[in-house]
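This is a predicted model, so every value here is computed, not measured. Residue numbering restarts at 1 for every chain, and letters A, B, ... go by the order of the sequence lines.
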Amino acid sequence: MNEKKKDLTLSIPKEEIMQPGHLACQGCGASLAMRYALKALGRNVILDIPACCWAVIDGPFPYSATGVPIYHTAFETAAAVASGISNGLRSVGKSGATIMAWAGDGGTFDIGIQALSGAAERNDDIIYTVYDNEAYMNTGIQRSSATPHGAWTTTTPVKHFKKGEKKDLDSIMVAHGIPYMATASISHPEDLIKKYQKAAKIRGTKFLHVYAPCPTGWKSDPAMTVKVAKLAVETNVFPIYEVENGNYRINIKPSKRKEVKEYLSMQGRFKHLTEEDVKYIQENIDRKWDTLLKKEQYFSSKEK
Amino acid sequence: MNEKKKDLTLSIPKEEIMQPGHLACQGCGASLAMRYALKALGRNVILDIPACCWAVIDGPFPYSATGVPIYHTAFETAAAVASGISNGLRSVGKSGATIMAWAGDGGTFDIGIQALSGAAERNDDIIYTVYDNEAYMNTGIQRSSATPHGAWTTTTPVKHFKKGEKKDLDSIMVAHGIPYMATASISHPEDLIKKYQKAAKIRGTKFLHVYAPCPTGWKSDPAMTVKVAKLAVETNVFPIYEVENGNYRINIKPSKRKEVKEYLSMQGRFKHLTEEDVKYIQENIDRKWDTLLKKEQYFSSKEK
Amino acid sequence: MTDDKKVELNKVSDYPEMPVSLGSMLWNKTSSWRNFKPVIDGTKCIGCGICWKFCPEPAIFPTNPPTVDYDFCKGCGICISECPTKAISKVDETR
Amino acid sequence: MTDDKKVELNKVSDYPEMPVSLGSMLWNKTSSWRNFKPVIDGTKCIGCGICWKFCPEPAIFPTNPPTVDYDFCKGCGICISECPTKAISKVDETR
Amino acid sequence: MKQVMNGDFAASYGAMSALVKYVAAYPITPQTLVVEKLSELVADGEMDAVFSKVESEHSAMAACIGAEAAGIRTFTATSSQGLLLMCEVLHWAARGRLPIVLANVNRAVAPGWSIWADAQDSISQRDTGWMQVYAEDNQEVYDSIIMAYKIAESPDVLLPMMINLDAFFLSHTSEVVDLIDKKDIEKFLPPYEPKFKLNPSEPHAFNALTSPDHYFELTYKMHLAMEKAKKRITEVGVEFEKMFGRRYGLTESYRIEDADTVLVTFGTIAGTAKETVDLLRKEGKKVGNLKIRVFRPFPQEEVCEALKNAKKVIVVDRDYSYGFEGAFFTEVKSALYNKGVMKPLYGMMAGIGGRDVSTGTLKEIVAKAEGEDPKNPYFIGVKL
Amino acid sequence: MKQVMNGDFAASYGAMSALVKYVAAYPITPQTLVVEKLSELVADGEMDAVFSKVESEHSAMAACIGAEAAGIRTFTATSSQGLLLMCEVLHWAARGRLPIVLANVNRAVAPGWSIWADAQDSISQRDTGWMQVYAEDNQEVYDSIIMAYKIAESPDVLLPMMINLDAFFLSHTSEVVDLIDKKDIEKFLPPYEPKFKLNPSEPHAFNALTSPDHYFELTYKMHLAMEKAKKRITEVGVEFEKMFGRRYGLTESYRIEDADTVLVTFGTIAGTAKETVDLLRKEGKKVGNLKIRVFRPFPQEEVCEALKNAKKVIVVDRDYSYGFEGAFFTEVKSALYNKGVMKPLYGMMAGIGGRDVSTGTLKEIVAKAEGEDPKNPYFIGVKL
Amino acid sequence: MIEIRLHGRGGQGAVKAAEILAKAAFYDGKVVQSFPFFGVERRGAPVQAFTRISDEKIRIHSYIYEPDVLVVLDPTLIGAEGVNILEGLRSGGKVIVNSTKEPSAFDFHGKNGVTVYTVDATAIAVKNKLGSESAPIVNTAIVGAIAKVTGLVTIDSVKKAIFDTIPRNKEANAVAAEDTFKNVK
Amino acid sequence: MIEIRLHGRGGQGAVKAAEILAKAAFYDGKVVQSFPFFGVERRGAPVQAFTRISDEKIRIHSYIYEPDVLVVLDPTLIGAEGVNILEGLRSGGKVIVNSTKEPSAFDFHGKNGVTVYTVDATAIAVKNKLGSESAPIVNTAIVGAIAKVTGLVTIDSVKKAIFDTIPRNKEANAVAAEDTFKNVK
Ligand SMILES: Cc1ncc(C[n+]2csc(CCOP(=O)(O)OP(=O)(O)O)c2C)c(N)n1
Ligand SMILES: Cc1ncc(C[n+]2csc(CCOP(=O)(O)OP(=O)(O)O)c2C)c(N)n1
Ligand code: SF4
Ligand code: SF4
Ligand code: SF4
Ligand code: SF4
Ligand code: SF4
Ligand code: SF4
Ligand SMILES: [Mg+2]
Ligand SMILES: [Mg+2]
């Protein structure tokens, strides 16, 4: 009966491991992040997830939407639990599955950084993902140290909006000397998936920092989630790069970087900012991008 | 009666704030570190000290050897308690004293890194000192993430000697974007004192990493404490440098770096190492020194 | 774990010893979250797969043209704004 | 807090409400830790102050030549090995 | 001034009214509204304080410890996992004799994750040396925080105090709260001026290594302080009533004089229990309620006195010491034992993990106790 | 094979003998010898296990949780501050139903810093859902760890277990310990094969958000597991005796049949108490000792049975629930109350902060109880 | 004591509506209590909120099982999968629905003594520029209708409560409430 | 039951000596217990260690207050500030000192029934190359003297215990013990 059409174009793996029925808000970037990561890694994966939106998204007891084993764990323990799973299985010679900690920015930049630092120092064989929505969303939008300068949150009210830069966790993790650190965005699933596939093949601690807009917390239109993420890349708000054994590679270099203003204006969390504030933010972005370019120039395998 | 001689040459402040009678082992580098730091800072100082040798050195209840107020606190809380003291006093307009967290490498690189990272992110107005004796000494010489590759400790017994590099906390702290990070050694008290004096004048989080040999844990001759520390500098095992607002400056560049072998051979903790092991260590030191030189070259205010 | 039944836990002995999942979330038809529905116009569709790629549920089947799974579509509108040919429209279900 | 007396805490009411220090450690004569004593030879001493600078206790007074405080010197030997003129010698106290 | 506000806001205003200078806290459901409200009050300049937005509850308590040791009045708030994460530093604050005040929203302990009402979090910290109050409504939350500073900072008490409020049933429930004027507060609450504090001109080392020669004496002083705290809580309650008309003690009795059966309850269940008592009285049943407001120090004298006429006692616990009983149940019995009193006593666990405790539930509990012999513990409402 | 070893080594060999595969631990005095010994055993290849040298106790327990959830037999050891730092994750292991075994060296809790014997650390974790054993000597430390796995891993128990040993008095004291052959262990202890584990071919989510509709039932299952654990502890003790000749139960009675006065003790004090009983018997005093070996689940039936003939009971606590009493004292009374038994009962706090409890101390305690009326709590040896 | 339950969607402000209602009753001299559904609110997902209004001290703190009044902020919720709007409604109860329809269009109108009232709060919100046109915010508006239908609170108190609670566009919100007060059927 | 207290300095191995003594007694069929002073050991600072030897199960776990035998590994400790070697020694007790001196050189010799024995364990350690010349380690050597003076353990068991306990130079350590066994006065 149906006219025979050619197949739909699929630029990312077809199999859906994460299933619908989950509890993410409409237009949630974090749910996209998981969908892509699992497409990249397949089913031979064990996840552990600390307190964060994802602890809710997966569904309540006795259900799960994700299709792979998940250990829900205490907020500050994501990396340590993953270490335990990985080393525990190694102790009995079962090291086949990919062990992945999957945590929010709060659980990573703040309360979980110690466990992460420890795992990285021991170079435990895990992937650590932080899906970054730049605040504590699960508890209702409080600042984290990943919250960018200028943003409103409930603990950085408009009169005291967040002051100070986002913690540079990427550089911190690079300083830990781990074999692989990469940033990725839900707006660029193909890049993201390639990075997970690469990470799965490397032994030791891999750190992936995934940009995941949150319409609820950013006061943005759920329909704009992907657009906002794309703009973050195009404005250099969130550069897409990777560091392998200390060697930098910027994966996406916008031919002409867009103005941060465009990015900010899509999000209610920034609507109180003055022109001057925006200028300050723009300058910082440009300065940081320059530093990153320098790092790529001086610290890359090519340069050696 | 005494023949009149000219005064003794004093290259560091004369006043002794720390007093004898304390409980450091013979030849303890950590006690020298405190002696110098207080000479630099004077008496208008509030210290907090987590679990570490210094929690014992100061003396038991109801005594204290140090001459300034000390809050002994839980192992993992040094930075957070200092933040609380600093911000608490600020809340009532009393911001005169220097607030300093004083912790061992274990309490800093490992169990205390989260509190430190948090304080740095908030840029709380404190000096954070880690006196680094490269292991948990107070509990009897267990490895920390500051323990160098190759070292024996009780938890890295000779057959499983410490593998993997010392965590590069200096770079980690630089990545936090704090205004001041510096290394110093008890073998170079004049440099050390200058750095404390500088740190005391900067607002925000200052991180000082002080090299403090431990004859008990390093199985070295107590009489050699200063010599060992000096050699660490001369071999580039422990480079002396500072980073101010992202700008690197190497303070001491050995004209000809000595062989690490000389340094290692003074310490029982390394006596099991083979020639090959030593070679590996030498290579790593040289590689790291090169990276540091590059950083100084590309990231310094001069270069701008 | 793939069927869409709710798990019956009516008495203590029905409960697993550990707090583990025993079923998927497919019983949870999130259609009730939606206040409009995306409708794909097959004539405008070029089969690029972008809507499928960016659906966060996922609630789009990768047919050509794609089909929306209205049991689960939450009505976020991402597919609508990402479709390069504006082949997807927003249909009010309210009134 | 600077005298060298031990603090008397003989009954509960002697104790401070909080666990705070009430005296210095100067009562703790660490001479008992020592198994040799450093002796400075004033004739060899050039007054460079290095021994004073590096004593961890500190148990050297900054006189010229320096004087060792034998109440507290623990006998670590640092002053001996750092003295540029070998003006300090190790004297056995044992036998 | 009367306002409609939820329990979290009541706690926030409590801290503001008590002239707190330093706050360090970390968000957790259902305490989040406290950190949000305090952020706002500080940002708006209504509250003259510094608020450190720290990276964990552990650091929240540690920062409060630092500030309090420097002689600053501090406040924090948390719940459940956050309170447990503080455990080591809770002990620190207590043995360090720092009169910090903490508002804890009673929430169930994971795993499975639960954000709902349950007192397991605070009950499991009963051995830390903190004083513990359980509030019945938002007014009590607010008032208790103000009184807490006066009690805790008493030179012969110097112990930290935890004010507990039930998750959602108070934290997110809006009720009328009467706020006290700053002028009146200043009359009621003296400034905090501790004898020992971190002060370069009077240097002391705090908390040094304490040998077996001294440690026990310091513990004993904690005991004396707890004994004294019982008196102070009562005194301060009386003073508070004189100034503000609302009375709070260690316990609160409701229609127990002639009651055959007495319910022993805490937190919001106490309010629902009073309602239930009235309903049952209408049915002709002589029931009363004893609310245990202060759990640490445990008011054993008051509890024994209040229960002396009861023929039957039912203790309702929204907590469970796994492998034994509800904590209130155990301790009430222990207190009666000390007085040599033995009577039928039933321990009922109810409302665990946020399960609702309605007047219906409490009626069921009373009916259960009427029927049978003491066989403990009972779990009320479990789908057996 | 008999060897002279300290308590920490006994704990280490216990883990090795129990065929533990994964260890994550962090050093703390006086537990350090455990991490050192295990490091050595693993390095030497004597123990076929992976040892993660984590960055804190919190991560030690978290890593054990991860490994155990993956179906691996795990072990950790800690003490005092370390145990408290684990608090949140202790709850996690218990409600997560993971049969992890932990050796805890009972050390006093700071501040002031103290490294000496005191059970406040573990007592203050009595509400976490962990089973708790208190060992009297190094042999019992070793044996208890081996039995712990068999008990904890029982499919109807699935609860973690903590074996406590007194700081220095056991941890650093060398005694003769009889080690069991691997062959025999394999007969005694079946491999760990949990029904649910992290396994990609049978995916489950563990510990998800649990609404008030379900949480209470899971708590109730913990209660059933604790009840079952009492039986299993006894059964496993009998089996152990059959195979290895040493018997361990929930409690242990010493000369109590005809005793007028019974001491109730735990840990090393129990041993010293037996010695004291013999000394006092020689003086003609009819004294006995009841050692409470297992504190969680609390063996209320056994305690009541053992105390039924006693005219006077004295509970010795090396711990103190600030603002109330010693924890053992409270719970013994509560247990007797449940049985309707009332008799003179004295709570004596002794040995706090490492103060020595000698036969002399225990004689003083008995003398005290002979003289006076119950006035609790007593603090023995405090320089009043 | 009167018990009211409100139905809305995560992000729509049903909780605020319940609170405004409570505050209004407080200004009218009543004792009040209001609270959200105790759960995890998700943008888009169905949520509930509650208000208790009484003349005496409200001592109970437990869920509302048998509301006297139901308020439905989003009409798509009626009949939506997994949502049972009518659960527990007392016989003789009132149901206020934000809808363009007539009360009689709802099949439960008149059954079990239940009366349905409708008001086009969405249109009123749009008219008053509350929220955006595609996502109008109706939470303040609807309270006017509640005031009218139940008589539990005066419209003046409702307006006062709106002024106290809403940070921006206080005036427009108050006008909207007045509008629904007048236009509910 | 016999109770022994050993005095040394942090880093010298007094604790190991106590343990070797206990193990030796265990090999001789005794029930034993040994432990260090419960405190913070500091390199150079005076420390103590203890051993109990008995024929029956040792049930007590408490400090030793009245030792039967004292062993002093470092003679500079005698009379050192804050150190009271003789504290609690039972009348009739024995004191073994590592010293070149004669027993009679110690003023407590013969008082209160106390007998002093001396042995130059340092010289013996140096001779056997235990530790360095400037810091000889005497802990194994001294146990030989204890065996001889007290008769509590056989020298063969002492040697066995040394072999079991000392990681390196087992032979030389055993020889040293034999030497002190022979040379104690
Ligand atoms: C110890 C502890 N403190 C606080 C919380 C409360 N909490 C749960 S999730 C969360 C925020 C998570 O933020 P993030 O990691 O950024 O994840 P997101 O919710 O944004 O996805 C907080 C504060 C907790 N569960 N445990
Ligand atoms: C929570 C906690 N875990 C462990 C300890 C035990 N502990 C005390 S000091 C210490 C080692 C300290 O090492 P470091 O910080 O390097 O200082 P050092 O002793 O080397 O001077 C340890 C593990 C503790 N006090 N608290
Ligand atoms: S709050 Fe944000 S991150 Fe969390 S589920 Fe909603 S959209 Fe996703
Ligand atoms: S162990 Fe090392 S750091 Fe500690 S007091 Fe002794 S010498 Fe100093
Ligand atoms: S509207 Fe959103 S949820 Fe629905 S199909 Fe489109 S992308 Fe998927
Ligand atoms: S995005 Fe548009 S064009 Fe592409 S497949 Fe979907 S409907 Fe067709
Ligand atoms: S030997 Fe050491 S302690 Fe003594 S004076 Fe010299 S440096 Fe100071
Ligand atoms: S180091 Fe030597 S020369 Fe210099 S002051 Fe001291 S004794 Fe004199
Ligand atoms: Mg986040
Ligand atoms: Mg160290």
Side-chain heavy atoms of F:Asp137 within contact of H:Lys57, under 4.5 Å | yes
Could you check H:Ile58 against F:Glu175 for side-chain contact (heavy atoms from CB on, under 4.5 Å), going step by step and ending with a plain yes or no?
-> CA-CA 9 Å; H:Ile58 303 176; F:Glu175 300 180 332; 5.9 Å; no
Which of the residues F:Gly354, F:Ser171, F:Gly271 is involved in the greatest number of heavy-atom pairs with chain H at under 4.5 angstrom?
-> F:Gly271
Between NE2 on residue H:His61 and CD on residue F:Glu136, distance to nearest 0.5 Å = 7.5 Å
Those residues at least two apart in sequence (or on a different chain) that pass side-chain hydrogen bond (donor to acceptor under 3.5 Å, both in side chains) with H:Asn169 are none
Of the non-hydrogen atoms in F:Thr272 and H:Ile60, which two are nearest, and what is the gap between them?
-> OG1-CA, 3.6 Å
What are the two closest non-hydrogen atoms of F:Asp356 and H:Tyr63, and how far apart are they?
-> OD2-N, 3.1 Å
Verify the neighbour count for atom CD of H:Glu171: are there more than 12 heavy atoms of other residues, nucleotides or ligands below 6.0 Å?
-> no
When the 4.5 angstrom heavy-atom criterion is applied to H:Glu19 and chain F, the contacting part is side chain
With only heavy atoms counted, which part of H:Tyr65 is less than 4.5 Å from chain F, the side chain, the backbone, both or neither?
-> side chain
Check whether the ring centres of F:Phe169 and H:Phe35 lie less than 6.0 Å apart, and answer yes or no.
-> no
H:Glu56 CD: over 12 foreign heavy atoms closer than 6.0 Å = no
Hey, does F:Val176 have a side-chain heavy atom less than 4.5 Å from the side chain of H:Val32?
-> yes
Does CD in F:Glu46 sit with more than 12 non-hydrogen atoms of other residues, nucleotides or ligands closer than 6.0 Å?
-> yes
Neighbourhood of chain F inside residues 178-185 of chain H, taking heavy atoms under 4.5 Å as contact = none
Rounded to the nearest 0.5 Å, the OG1 atom of F:Thr29 sits from the CZ atom of H:Phe38 at a distance of 13.5 Å
Can the ring centroids of F:Phe168 and H:Phe37 be said to lie less than 6.0 angstrom from one another?
-> no
